[in-house]
Amino acid sequence: MLDTLAVTQQLTAGGVARDQAEVIAKAIRQGVEQGDHVSADQFKAGLAEVRAEVAEVRAQIATLDTRISTQVADVRAELSGLDTRLSTQIAGMRTEVVNVRTRLIRWIVGTVLVTATLTAGILRVIG
């Protein structure tokens, strides 16, 4: 039970006017009597519920973290595979470009030689 006289005395000692201290003490007593307070057991039970919910949320976060880590690893593996395939395709394209260049040079040299031979032949016939 709340000792309103002690509350009033403490408030007046702290500089609150006597009539105000009495009103404050009565208001506190009414609040306590109306049962608007929480007992220590109720507080502990509520705290236990909150702790259980926090533990559940932490477990969910850990599960999500594991899922995300797995998905990130999968994406990295897929990107690595794409990188390998692209590197292989690029190397193939470079080889093909070199082959085309070689064939083109051969064709140009052949064309120049045929043209030179024909020109020399024509010049002999004319000359």
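Since we're looking at a predicted model, the values are computed, not measured.
The cluster map of Ile, Leu, Val, Met, Phe, Trp and Tyr, joined by side-chain heavy atoms under 4.5 Å apart, puts Val23 and Val16 in different clusters. When the side chains of ILVMFWY residues are joined at heavy-atom separations under 4.5 Å, either directly or via intervening members, Leu113 and Leu104 end up in two distinct hydrophobic clusters. Two different hydrophobic clusters hold Val114 and Ile108 under the rule that ILVMFWY side chains link at heavy-atom gaps under 4.5 Å.
A salt bridge links Arg18 to Glu22: one of the charged nitrogens lies within less than 4.0 Å of a carboxylate oxygen.
Taking the side chain as every heavy atom from C-beta outward, Leu82 and Arg85 approach each other to under 4.5 Å. Counting only heavy atoms from C-beta outward, the side chains of Lys44 and Leu47 never approach each other to under 4.5 Å. Inter-residue side-chain proximity for Ile28 and Thr4 is flagged as unmet; no heavy-atom pair is nearer than 4.5 Å.
Residue Gln60 places its CD atom among more than 12 non-hydrogen atoms of other residues, nucleotides or ligands, all under 6.0 Å distant.
Atom OG1 in Thr95 sits 12.0 Å away from atom CD1 in Ile90 (nearest 0.5 Å). Here NZ of Lys26 is found 8.5 Å from OG1 of Thr8. Values are rounded to the nearest 0.5 Å. From Gln89, atom CD reaches atom CD of Glu96 across 11.5 Å, with rounding to the nearest 0.5 Å.
Exactly one of Thr66, Asp65, Val72 qualifies for a side chain to side chain contact (heavy atoms under 4.5 Å, CB included) with Ser69. That residue is Asp65. The residue from Ile122, Leu123, Thr117 that alone fulfils the side chain to side chain contact (heavy atoms under 4.5 Å, CB included) condition with Thr119 is Leu123.
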What's the verdict on side-chain contact (heavy atoms from CB on, under 4.5 Å) for Arg51 and Val54, showing C-alpha distance, side-chain angles and the deciding distance?
CA-CA 5 Å; Arg51 285 183 175 159; Val54 167; 5.6 Å; no
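Across Thr12 and Ala21, no two heavy atoms sit closer than the pair CG2-CB, 3.7 Å.
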